2 protein chains.
Amino acid sequence: MQRRCGKKDNWWCGRFKGLGYKLTFSRQAVLDVLSNTDSHLSAEEIYQRVYKLAPKVGLSSVYRTLELLVEIGLVSKYDFGDRRSRYELGQGIQGDNHHHHLVCTGCGKVLNYTDFIDQELELLKKTEKALSKKYNFRITNHLIQFYGVCRRCSDGKTAGI
Amino acid sequence: MQRRCGKKDNWWCGRFKGLGYKLTFSRQAVLDVLSNTDSHLSAEEIYQRVYKLAPKVGLSSVYRTLELLVEIGLVSKYDFGDRRSRYELGQGIQGDNHHHHLVCTGCGKVLNYTDFIDQELELLKKTEKALSKKYNFRITNHLIQFYGVCRRCSDGKTAGI
DNA sequence: AATTATTTGCCATTCCTTTTCAAAGGTTAA
DNA sequence: TTAACCTTTGAAAAGGAATGGCAAATAATT
């Protein structure tokens, strides 16, 4: 089966080939799943969705693909405290959908928010600059998360009690 | 062996007993270790240090103690991306040693910094307020981390290459 | 000192993630 | 197209952090 770069000629094809990586069936599948969701999927969840499209793709390939995607900056990897990594497409600091996360410690739900992002960026830039100089760090990224309890959970609808 | 609350009568004794928890030998040991370091130890590392003082204390007790300490707010639990939790004494939002972290993605080293903390707090408060209202979240905590490459690592002294 | 509920240590287990390795696949050149 | 090359894959096993079960030990109280 000879495909130029995937039938749909997705925007990531060039990115892949440019770096010398092969755009394989498994990788396509993972990218397809990631680009068709707005939740923060775990590797296992991604695998399950991939499975429906392509049952032959193995879990390790999903892990390996995710690792690669994170490495080349197409995907961000997060830890929301539920003991498994979660992945999200896009999300570069300068990207158009830059956002931060609001995590409910009750049910684990994660919201994206973009409020005050501009002010944050301003402060962060200043901080980054100062820290770079003071501590000799070349800062490449940052993470901001808020934790709290969502309405549903604080209304006592949580499991337990 | 009858001890009032530990021979040293540490500040955390009251906190413990007030909440109905027993101040046991194992718990003392974990607290001793945590209060005598300024690095960000993992459970395993804490266990190793506890082991030197008290070889009979088991790893699970260390885990259980840490869980308890986090729960009652004496200890903060962090994820710096090296696939294990790390723990730090103190660190309440309002505490006197409130700080954030600067993580080197090369060697994993973690620095505490307090620069711009005040401005950060101001922005965070504003953000928290807005998010609380907008998303119906009762926000209890936040996390800010910077990632980058420390001097030593960027000088190519890292393992590999 | 006796009592009681909590906590511990040890061990096994769970769960997420990584590794191993032969087989399959994509890419390029002929 | 075919052949050759190196990459990538799937399946299964291994690795490693964290948790659970249970009898024995222990802190606090009587």
Side-chain angles (χ1 to χ4, degrees), chain A residues 1-7 13-14 16-31 40-48 50-51 53-72 77-87 108, chain B residues 1-7 9-10 12-14 16-31 40-48 50-51 53-72 75 77-87 108:
Chain A
M1 190 197 303
Q2 282 272 47
R3 273 190 278 112
R4 259 282 184 273
C5 188
K7 39 202 164 188
C13 297
F16 256 82
K17 310 191 83 169
L19 289 164
Y21 295 112
K22 297 177 181 174
L23 188 56
T24 65
F25 188 67
S26 308
R27 287 171 178 171
Q28 274 279 5
V30 171
L31 280 162
H40 309 80
L41 302 177
S42 67
E44 181 70 33
E45 289 166 346
I46 292 169
Y47 168 68
Q48 285 167 10
V50 164
Y51 184 85
L53 311 173
K56 294 197 66 176
V57 174
L59 178 58
S60 3
S61 293
V62 170
Y63 271 103
R64 280 183 290 226
T65 298
L66 289 170
E67 185 186 15
L68 174 64
L69 293 174
V70 169
E71 189 184 317
I72 67 180
K77 181 179 182 177
Y78 292 99
D79 170 272
F80 296 129
D82 63 346
R83 175 175 308 286
R84 75 207 61 191
S85 297
R86 295 186 170 273
Y87 301 85
Chain B
M1 190 196 305
Q2 282 271 49
R3 274 189 277 111
R4 259 282 184 273
C5 187
K7 38 201 164 189
D9 251 310
N10 286 308
W12 53 67
C13 296
F16 256 82
K17 310 191 81 172
L19 289 165
Y21 296 113
K22 297 180 182 175
L23 188 55
T24 66
F25 190 67
S26 310
R27 288 171 177 171
Q28 273 281 5
V30 170
L31 279 162
H40 309 79
L41 303 177
S42 67
E44 179 69 34
E45 288 166 346
I46 293 169
Y47 168 69
Q48 285 166 12
V50 164
Y51 184 85
L53 311 173
K56 294 197 65 176
V57 174
L59 178 58
S60 354
S61 292
V62 171
Y63 271 105
R64 282 182 288 225
T65 299
L66 290 171
E67 185 185 15
L68 174 63
L69 293 173
V70 169
E71 190 184 316
I72 66 180
V75 163
K77 181 179 183 178
Y78 292 100
D79 170 271
F80 295 130
D82 62 347
R83 174 170 311 283
R84 76 206 62 192
S85 296
R86 295 185 171 274
Y87 301 85

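Below, chains carry the letters A, B, ... as their sequence lines are ordered, and counting in each starts from 1. This structure is a prediction, so every number in the text was calculated from the model and none was measured.
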Quick one: ring pair (Phe, Tyr, Trp, His ring centres under 6.0 Å) partners of Tyr21(A), sequence neighbours excluded?
-> none

List for me each residue that meets ring pair (Phe, Tyr, Trp, His ring centres under 6.0 Å) alongside Phe80(A), sequence neighbours excluded, and say none if there are none.
->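 Residues passing ring pair (Phe, Tyr, Trp, His ring centres under 6.0 Å) with Phe80(A): His40(A), Tyr78(A), His101(A).
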
Of the nucleotides dG10(D), dT18(C), dA18(D), which one has an atom closest to the side chain of Ser85(B)?
->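 Closest nucleotide to the Ser85(B) side chain: dA18(D).
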
Please tell me which of the listed nucleotides, dT8(C), dA27(D), dT8(D), lies nearest to the side chain of Phe25(B)?
->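 Shortest atom-to-atom distance from the side chain points to dA27(D).
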
Output the distance between atom [atom1] ([X]) and atom [atom2] ([Y]), rounded to the nearest 0.5 Å.
X: Leu66(A); Y: Ser61(A); atom1: CG; atom2: OG; value: 10.5 Å
X: Gln48(A); Y: Ser42(A); atom1: CD; atom2: OG; value: 7.5 Å
X: Trp12(B); Y: Ile72(B); atom1: CH2; atom2: CD1; value: 11.5 Å

For [X] and [N], give me the distance from atom [atom1] to atom [atom2], rounded to whole Å.
X: Tyr47(B); N: dA17(D); atom1: OH; atom2: P; result: 13 Å
X: Asp79(B); N: dT17(C); atom1: CG; atom2: C1'; result: 14 Å
X: Tyr21(B); N: dT8(C); atom1: OH; atom2: P; result: 12 Å
X: Asp82(A); N: dC15(C); atom1: CG; atom2: C1'; result: 12 Å
X: Leu68(B); N: dT8(C); atom1: CG; atom2: C1'; result: 14 Å
X: Leu19(A); N: dT8(D); atom1: CG; atom2: P; result: 11 Å
X: Leu23(A); N: dT7(D); atom1: CG; atom2: P; result: 17 Å
X: Glu44(A); N: dT14(C); atom1: CD; atom2: P; result: 16 Å

Is [X] near enough to [N] that one of its side-chain N or O atoms lies under 4.0 angstrom from OP1 or OP2?
X: Ser42(A); N: dC16(C); value: no
X: Ser26(B); N: dG9(C); value: yes
X: Arg83(A); N: dT17(C); value: no
X: Arg84(B); N: dA17(D); value: yes

5′-ward residue of the pair Lys22(B)/Lys77(B) relative to DNA chain D =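 Per heavy-atom nearest nucleotide, the more 5' residue is Lys77(B).
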
Any chance you could lay out the side-chain contact (heavy atoms from CB on, under 4.5 Å) test for Ile46(A) and Tyr63(A), step after step, and finish with the verdict?
-> CA-CA 9 Å; Ile46(A) 292 169; Tyr63(A) 271 103; over 6 Å; no

Counterpart residues, side chain to side chain contact (heavy atoms under 4.5 Å, CB included), relative to [X] (two or more places apart):
X: Lys56(A); value: none
X: Glu67(A); value: none
X: Tyr47(B); value: Glu44(B), Tyr51(B), Leu59(B), Val62(B)

Between the axis at one end of the helix from dA1(C)-dT30(D) to dA30(C)-dT1(D) and the axis at the other (five pairs apiece), what's the angle to 10 degrees?
-> 30°

Residue list, side chain to side chain donor-acceptor pair (under 3.5 Å) with Arg86(B), at least two apart or on another chain | Glu45(B), Asp82(B)

Residues of residues 55-67 of chain A with any non-hydrogen atom less than 4.0 angstrom from an atom of DNA chain D: list those, numerically ordered, please.
->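 Hits under 4.0 Å, by residue number: Lys56(A), Val57(A), Gly58(A), Ser60(A), Ser61(A), Arg64(A).
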
